[in-house]
Every structure is written in structure tokens, then in C-alpha cells.
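Because the structure is predicted, anything quoted here is derived from the model rather than measured. Just so you know, these numbers use all the heavy atoms, side chains as well, and skip hydrogens, waters and symmetry mates. When a residue number appears, it is its place in the shown sequence, counting from 1.
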Amino acid sequence: MKKILKKLYQKPQLLILETYILVIFIGAIILTLPISSSNGEYTPFIDAFFTSTSAFCVTGLVTVTSATYWNLFGKIIILLIIQLGGIGIMTLTAMVFIFLNKNISLKQRALMQEESNSSNRRGIVKLMKYIMYSTFIIETVGAILLSFEFIPQYGVVKGIWFSIFHSISAYCNAGFDIISENSLNSYASNLIIILSISSLIILGGIGFRVYSDVLENKCFSKLKIQSKIAIKYTVILLVIGCILFLFIEWNNPLTMKEDNLFSKLMKAFFQSVTTRTAGFFSINQANLKDASAFVTIILMFIGGSSGGTAGGIKITTFATLLGFISAQLNSRSEIVILKRRIPEDTVRKAVSITVISAIWVVFISFLLMITEKKASSLDVIFEVTSAFATVGITRGLTPVLTIFGKIAIIITMVFGKIGPLGLLFALSKKKKNVSFKEATENIMVG
């Protein structure tokens with residue numbers, strides 16, 4: 001056992017992957033039991049496993065309707081899994097050690113660093129504390145804001161429960177809702193609900209280090225380059241997405257043609273926000289025009305910011321790619337973003353993440369196009385991208401997936417949660433160093 005643990009600690013990505021799978025499996029077993037379902041019957045393991053994976057990977061895709069299928073106990077279990085997946089197992093472990101007044105070893109710090117996607121271990125325990133405290137404060141404020149609408153509508157007890165559940169689900173970018181199978185359709189024009197949920201999604205997806213940096217420095221010019229990129233590109237993508245959805249869906253009778261200007265703006269804005277890995281929706285995704293679905297796929301693939309609860313290839317990866325392309329077009333040897341030079345290792349990592357992610361989405365989509373015979377190609381690509389980017393919105397394919405389709409989406413959600421490089425590092429074998437290099441020869445590309 002000591003030898004096994006030693007090997008695992010030497011490869012933190014593998015230990016994190018195995019811990020994630022264990023937590024998902026335990027959650028699935030509990031959800032399978034009759035005490036979790038509203039009808040008091042056993043839930044098929046594949047559906048329980050799918051739900052547990054979706055909750056832990058903060059995705060939101062479900063094969064059964066969360067609002068009606070699960071009872072209160074089942075919903076509490078799902079909420080706990082969402083919270084655990086959102087803040088991270090290692091973060092929770094760190095807080096337990098801190099409360100018990102125990103020292104945190106270098107090996108445990110390495111695991112925290114890997115899970116939080118930090119560049120170094122300096123201040124990692126301080127970061128874990130900040131994540132816990134900020135998560136509690138933001139989710140509490142979110143729940144209070146939502147309660148102004150939910151309590152008058154559902155009563156005190158149910159209103160408070162709904163507020164807490166959806167605040168945590170939104171901040172963790174999970175997208176699970178227990179209102180109805182139509183998510184937030186009935187609140188599409190409700191300013192308090194839409195803005196509260198949107199703010200929670202953005203704060204969760206932008207990254208813990210970003211608003212820590214903002215609170216510390218307060219001035220945009222003094223922020224770290226990571227924070228500047230996250231804020232700038234988050235705003236740009238939100239605005240571009242909102243404008244595109246508004247333009248494409250303006251006269252769509254199935255989405256917003258009959259709405260007034262305010263409702264149209266709210267729907268377009270929330271659609272742009274939710275594509276950043278949230279999973280809630282105020283527009284039925286199956287009713288979107290193909291162009292809007294395509295825009296949604298692109299935004300989902302990009303995702304949110306590193307170090308937060310969002311998925312996708314991440315904004316910083318996208319910004320690095322744009323910087324790389326700009327450097328190539330202008331014949332520059334160095335990649336510069338916001339007047340800062342980006343290291344070559346970071347550029348190679350960004351390219352690798354994007355290529356591996358794209359290959360994965362294309363490969364899984366190809367398989368599902370074979371097995372899900374009644375689904376259109378657009379719906380399949382939409383579904384796979386949503387799973388990979390841990391978004392959770394669907395065009396109606398999730399509930400009718402075959403067994404193979406459910407397994408493929410489960411694996412894709414885990415792949416998106418761990419990250420392309422993290423998963424490859426976890427499963428790859430350590431190669432021995434070699435003292436020679438292969439001969440160099442040029443090839444033509446492009």
C-alpha cells in the first residue's frame with residue numbers, strides 16, 4: 001500500500017483522477033438506491049452514474065429530470081456532489097486539515113496545486129482558504145438575492161431551499177435546476193433571477209485568483225496578466241455572443257420574435273452567459289437556429305477562465321492562440337498579449353490543449369453519429385461539446401441517448417473536468433531520459 005501511494009503521489013494527476021472516479025462511483029451508488037428517487041424505486045445504475053458524473057464534473061446534462069425524478073434526499077446528494085466538484089476535493093481536504101490544526105505536507109500541496117491549476121505551490125494553502133471563504137460568501141449572497149423571488153412564489157421553506165440549491169449550482173457552473181424540465185424558461189424576463197444567476201455563473205467561471213487579484217489591487221492596470229486576460233476576454237465574448245444571438249434569433253418565432261426589446265436582450269444576454277459552461281437556459285436549445293447553435297458550440301468550446309469552476313479550453317488558452325496567430329501573421333518571433341511576452345512553453349501547451357480537445361470532440365461526435373441514429377449531426381456535436389466543456393445544455397439528445405452514448409458522454413465529462421493534458425499525464429507512462437537527439441530535417445507545411 002505504501003508503494004502504491006508513493007507512486008500515486010509522484011503522479012498527482014493520476015491520484016486526482018482516481019479520487020474523482022471514486023467520489024463519482026460512491027455518489028452513483030447512493031443515487032441508485034430507492035431512498036433517492038421520488039417513486040421509491042431503484043434507479044438504473046447507468047442513469048445514477050451519469051447524474052453523479054454530471055454533478056461532480058459540474059456539467060448539468062441529465063438523463064432524468066432533476067426536478068421530478070429525485071426526492072429531497074436525492075437532490076441533497078446531488079447538491080453535495082456539485083459543491084464538492086465545484087470547489088475541489090483537495091480544497092475541502094485542506095480546509096479539514098486547517099480546522100483540525102494539522103500540517104499540510106508538500107505532497108498534499110502538490111495535489112492542491114494540480115487540482116487548482118496553479119503555476120506554483122507558493123501561497124497554495126492561502127489560496128485554498130480564499131476559495132472556501134469566497135465560495136461561502138458568494139453563494140450565500142446569491143441565495144439571499146434569489147430568495148426575494150423564490151420565497152414569495154414557493155413559500156419560506158421551499159423558497160429558501162430553491163435559493164440555496166440554484167445559488168450553489170450557478171456558482172459552481174453546474175446548471176442543475178429543480179424548478180422544471182424547462183430550466184429558467186419561465187424566468188426569462190425576470191431581472192432578479194437572470195442577473196443573480198448570471199453574476200454567479202460569471203464569478204464562478206472567471207476564476208478565484210481573478211477576483212482575489214481585483215480586490216487586492218483594485219486598478220485594472222495593476223492586475224496580473226492572467227486576470228487582465230480573463231476579464232477582458234470574458235467581457236468581449238459575452239458582448240459578442242449577446243449581439244450575435246440577438247441578431248440571429250430576432251425574428252425566430254420559436255425563441256424571441258414575439259418578445260419585447262427588454263425580453264429579447266435578457267434572453268440573448270443569458271444565452272451568451274450560459275454558454276460559458278453554466279447549463280441553465282432561458283431558451284429551449286432545440287429551437288435555436290442552426291447559426292445560433294453553431295455560435296453556442298464555439299463559445300462552449302472556449303469556455304471560462306483557468307482556476308475557476310468553468311470548463312472548455314479556457315479563455316487564456318484562446319487568447320494565447322490568438323497571440324500566436326497574430327505573431328505568425330506579423331512575422332514576429334515572440335508572442336505578446338497585453339504588452340506581456342508569453343513563454344514558448346505556455347504557447348505549446350495552449351496549442352496542445354486545443355488540438356487534443358478538438359480531436360476528442362470530433363472523435364466522440366463521430367462515434368455518436370453512428371450509435372445515435374435519430375440525432376442530427378449538429379445535435380451530436382452540440383451534445384459532445386457541451387459535455388467536454390462541462391456546460392450542460394442540450395438540444396434534447398441527452399434523455400434519449402443509447403447506453404453507448406451515455407458512457408461516451410460520461411467519459412467526455414470526466415475528460416473535460418480533468419483537462420486534456422491532465423488526463424494524458426495521468427494515464428501516460430514515465431519515459432526514461434535519453435542522451436541523444438534525432439536528426440533534424442525540414443518539411444513543408446501549409
Side-chain angles (χ1 to χ4, degrees), residues 46-47 50 53-54 57 59-64 175 181-183 185 237 240-241 244-256 267-268 271-272 274-303 311-313 317-318 321 353-417 420 423:
I46 186 65
D47 291 318
F50 192 102
T53 304
S54 183
C57 296
T59 305
L61 292 174
V62 291
T63 55
V64 296
E181 61 181 8
N182 294 318
S183 190
N185 275 7
L237 291 174
I240 290 176
L244 287 174
F245 289 127
L246 196 64
F247 174 75
I248 298 169
E249 298 295 323
W250 186 274
N251 288 318
N252 186 351
L254 298 177
T255 55
M256 60 174 68
K267 285 185 176 181
Q271 178 68 17
S272 184
T274 199
T275 56
R276 312 304 305 289
T277 80
F280 294 102
F281 60 88
S282 60
I283 298 176
N284 190 324
Q285 303 300 296
N287 294 334
L288 291 173
K289 291 184 177 180
D290 288 353
S292 292
F294 183 73
V295 172
T296 300
I297 290 171
I298 294 174
L299 292 175
M300 288 193 297
F301 187 77
I302 295 172
I313 62 171
T317 303
F318 177 66
L321 288 176
I353 289 172
T354 305
V355 172
I356 295 170
S357 300
I359 290 174
W360 183 276
V361 170
V362 170
F363 176 67
I364 299 299
S365 297
F366 171 73
L367 293 180
L368 292 191
M369 286 177 191
I370 297 174
T371 61
E372 315 305 311
K373 298 178 181 178
K374 295 182 179 180
S376 68
S377 298
L378 181 63
D379 290 351
V380 168
I381 297 172
F382 192 100
E383 185 86 6
V384 174
T385 306
S386 180
F388 158 74
T390 66
V391 179
I393 51 178
T394 179
R395 286 169 64 85
L397 181 57
T398 311
V400 295
L401 286 170
T402 61
I403 296 295
F404 178 86
K406 291 177 182 178
I407 294 172
I409 293 298
I410 286 172
I411 296 172
T412 301
M413 287 190 288
V414 175
F415 178 81
K417 173 68 174 176
L423 188 62

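- Listed by first then second residue, pairs satisfying salt bridge (Lys or Arg N to Asp or Glu O under 4.0 Å) with a partner in residues 404-416 read Asp47-Lys406, not counting sequence neighbours.
- Contact annotation: the side chain of Val64 never approaches that of Phe50 to less than 4.5 Å [non-hydrogen atoms, C-beta and beyond].
- Atom CZ of Phe294 and atom CG of Leu299 lie 10.5 Å apart (nearest 0.5 Å).
- Between Gln285 and Phe382, the shortest heavy-atom distance links the atoms OE1-CZ, 3.7 Å.
- Among all heavy-atom pairs drawn from Val361 and Ser365, the shortest one is O-OG, 2.6 Å.
- Considering every non-hydrogen atom in both Ile393 and Gly279, the closest pair reads CG2-O, 3.5 Å.
- Residues satisfying the side chain to side chain contact (heavy atoms under 4.5 Å, CB included) test with Thr255, not counting sequence neighbours, are Glu249, Asn252, Ile283, Asn287, Leu288.
- How far CD of Gln271 is from CG of Leu244: 11.5 Å, rounded to the nearest 0.5 Å.
- Residues meeting the side-chain hydrogen bond (donor to acceptor under 3.5 Å, both in side chains) test with Ser272, sequence neighbours left out: none.
- Here the closest heavy-atom approach between residue Ile356 and residue Phe415 is recorded as CG2-CZ, 4.0 Å.
- Counting heavy atoms from C-beta on, the side chains of Ile297 and Leu378 come closer than 4.5 Å.
- Nearest heavy atom pair, residue Ala387 against residue Ile409, reads CB-CG2, 3.8 Å.
- Partners of Val355 by side chain to side chain contact (heavy atoms under 4.5 Å, CB included), not counting sequence neighbours, listed by chain and number: Val351, Ile359.
- The distance from the CZ atom of Phe318 to the CD1 atom of Ile302 is 4.0 Å, given to the nearest 0.5 Å.
- Among pairs with a residue in residues 385-403, those fulfilling side-chain hydrogen bond (donor to acceptor under 3.5 Å, both in side chains) read Glu372-Thr402, Asp379-Arg395, Glu383-Thr394, Glu383-Thr398, Thr394-Thr398, at least two apart in sequence or across chains.
- One distance of note links OG1 of Thr275 with CD1 of Ile298; it measures 10.5 Å at 0.5 Å rounding.
- Here Ile403 pairs with Ile46, Ile407 under the side chain to side chain contact (heavy atoms under 4.5 Å, CB included) rule; sequence neighbours left out.
- Within the structure, the salt bridge (Lys or Arg N to Asp or Glu O under 4.0 Å) test picks out no pair touching residues 287-300 (sequence neighbours left out).
- What you find for Val380 and Ala375 is that their closest heavy atoms are CG2-CB, 3.9 Å.
- Partners of Ala389 according to the side chain to side chain contact (heavy atoms under 4.5 Å, CB included) rule, which considers only residues two or more places apart in sequence or in another chain, are Met300, Val391.
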Using side chain to side chain contact (heavy atoms under 4.5 Å, CB included), reason through Asn185 and Phe281 one step at a time and then give a plain yes or no. CA-CA 7 Å; Asn185 275 7; Phe281 60 88; 3.7 Å; yes
- Query: Would Leu254 and Asn284 satisfy side chain to side chain contact (heavy atoms under 4.5 Å, CB included), going step by step from the backbone distance to the final call?
  - Reply: CA-CA 9 Å; Leu254 298 177; Asn284 190 324; over 6 Å; no
Go through the steps for Phe245 and Thr296 under the test side chain to side chain contact (heavy atoms under 4.5 Å, CB included), then give the verdict.
CA-CA 9 Å; Phe245 289 127; Thr296 300; 3.4 Å; yes
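- Side-chain atoms of Thr63 never come within 3.5 Å of backbone atoms of Pro399 as a donor-acceptor pair (strictly under, hydrogens ignored).
- The ring-ring contact (aromatic ring centres under 6.0 Å, His included) search around Phe301 returns Phe388, not counting sequence neighbours.
- Partners of Thr412 according to the side-chain hydrogen bond (donor to acceptor under 3.5 Å, both in side chains) rule, which considers only residues two or more places apart in sequence or in another chain, are Trp360.
- Atom NZ in Lys267 sits 7.0 Å away from atom OG in Ser282 (nearest 0.5 Å).
- Scored by the salt bridge (Lys or Arg N to Asp or Glu O under 4.0 Å) test, Lys417 finds no partners at all (sequence neighbours excluded).
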